[in-house]
Amino acid sequence: MSEENLSEYSGDILKIANNLKHFGRMTDPTGSARIKGPCGDEIEFYLVINDGIIEDVKFYTDGCIATKVCGSMAARLATGKTIEDALSISPKQVMDSLQGLPKDHCHCSILAVSALYRAIADYLLKI
Ligand code: FES
């Protein structure tokens, strides 16, 4: 991956990136997915779902700062939600929750939310 231009990010975004919540992998999730965006970045989502409630979420990516903060926000928004409510989380909601994210990184929020949806689908196809 090429060197990232940090000057395009606001201080708030860099603060979130330096203290990422939900970052990491899970060894025994009830649903998981890994997808690659057109930019080549990959993101993984891992879920623990119990009685229709998403109890725990982790994500992992080697992508850009925007992908990391979008993954973190999507994970935060999904934690504690029902499957139905989590499926109503939108890339716009992720963007709106991350004030200062450069608009040209909108696709990073789409990548994060798509991985979340796929991990939910993985769970639903197994039950
Ligand atoms: Fe690839 Fe962010 S630049 S998803």
Side-chain angles (χ1 to χ4, degrees):
M1 196 173 76
S2 59
E3 193 74 9
E4 200 166 0
N5 178 12
L6 297 184
S7 65
E8 68 177 320
Y9 296 106
S10 72
D12 283 351
I13 294 295
L14 290 175
K15 219 183 281 172
I16 294 169
N18 285 327
N19 186 24
L20 281 179
K21 304 282 189 240
H22 302 279
F23 189 77
R25 289 175 162 131
M26 262 183 216
T27 49
D28 200 15
T30 47
S32 66
R34 178 171 69 188
I35 62 172
K36 185 187 250 188
C39 59
D41 288 346
E42 287 190 341
I43 189 164
E44 303 163 23
F45 260 77
Y46 301 89
L47 309 173
V48 174
I49 302 175
N50 219 341
D51 280 339
I53 306 287
I54 299 175
E55 293 183 339
D56 196 12
V57 185
K58 289 220 178 297
F59 79 100
Y60 182 83
T61 181
D62 58 0
C64 64
I65 285 175
T67 310
K68 288 184 174 124
V69 296
C70 287
S72 181
M73 184 55 72
R76 195 179 122 189
L77 291 170
T79 302
K81 294 256 180 10
T82 63
I83 289 173
E84 268 181 17
D85 286 348
L87 286 172
S88 72
I89 294 168
S90 67
K92 182 177 184 319
Q93 191 181 352
V94 170
M95 287 290 286
D96 289 349
S97 305
L98 290 166
Q99 299 294 324
L101 192 71
K103 289 279 177 264
D104 62 347
H105 279 288
C106 173
H107 64 278
C108 308
S109 64
I110 295 170
L111 190 67
V113 171
S114 300
L116 169 66
Y117 287 176
R118 290 262 191 106
I120 293 171
D122 177 56
Y123 165 77
L124 290 173
L125 290 170
K126 286 196 277 200
I127 57 172

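Atoms within each ligand, like the ligands themselves, are counted from 1 in listed order.
Using a 4.0 angstrom heavy-atom cutoff, Gly63 does not count as in contact with ligand 1.
The protein heavy atom nearest to atom 2 (Fe) of ligand 1 is Cys108 SG, 2.3 Å. Atom 4 (S) of ligand 1 has as its closest protein heavy atom Thr67 OG1, 3.1 Å. Remark: minimum distance from atom 1 (Fe) of ligand 1 to any protein heavy atom is reached at Cys39 SG, 2.1 Å.
The closest approach of Asp41 to atom 1 (Fe) of ligand 1, by N/O/S atoms, is made by OD2.
Counting heavy atoms from C-beta outward, Cys70 and Leu111 have side chains that stay 4.5 Å or more apart. Inter-residue side-chain proximity for Met26 and Ser32 is flagged as unmet; no heavy-atom pair is nearer than 4.5 Å.
In Ala66, neither the side chain nor the backbone holds a heavy atom less than 4.0 Å from any atom of ligand 1.
Aromatic pair Phe59/Tyr46: ring centres not closer than 6.0 Å.
Close contacts between ligand 1 and Leu111 involve ligand atoms 4 (S) [criterion: under 4.0 Å to a heavy atom]. Within ligand 1, counting atoms from 1 as listed, the ones closer than 4.0 Å to a heavy atom of Cys64 are 2 (Fe), 3 (S).
Using a cutoff of 4.0 Å between basic side-chain nitrogens and carboxylate oxygens, Asp122 and Arg118 are not scored as salt-bridged.
In this structure a side-chain-to-backbone donor-acceptor pair under 3.5 Å is present from Glu4 to Ile65.
Using a 4.5 Å cut-off between side-chain heavy atoms of Ile, Leu, Val, Met, Phe, Trp and Tyr, with links allowed through other members, Ile120 and Val48 fall into different hydrophobic clusters.
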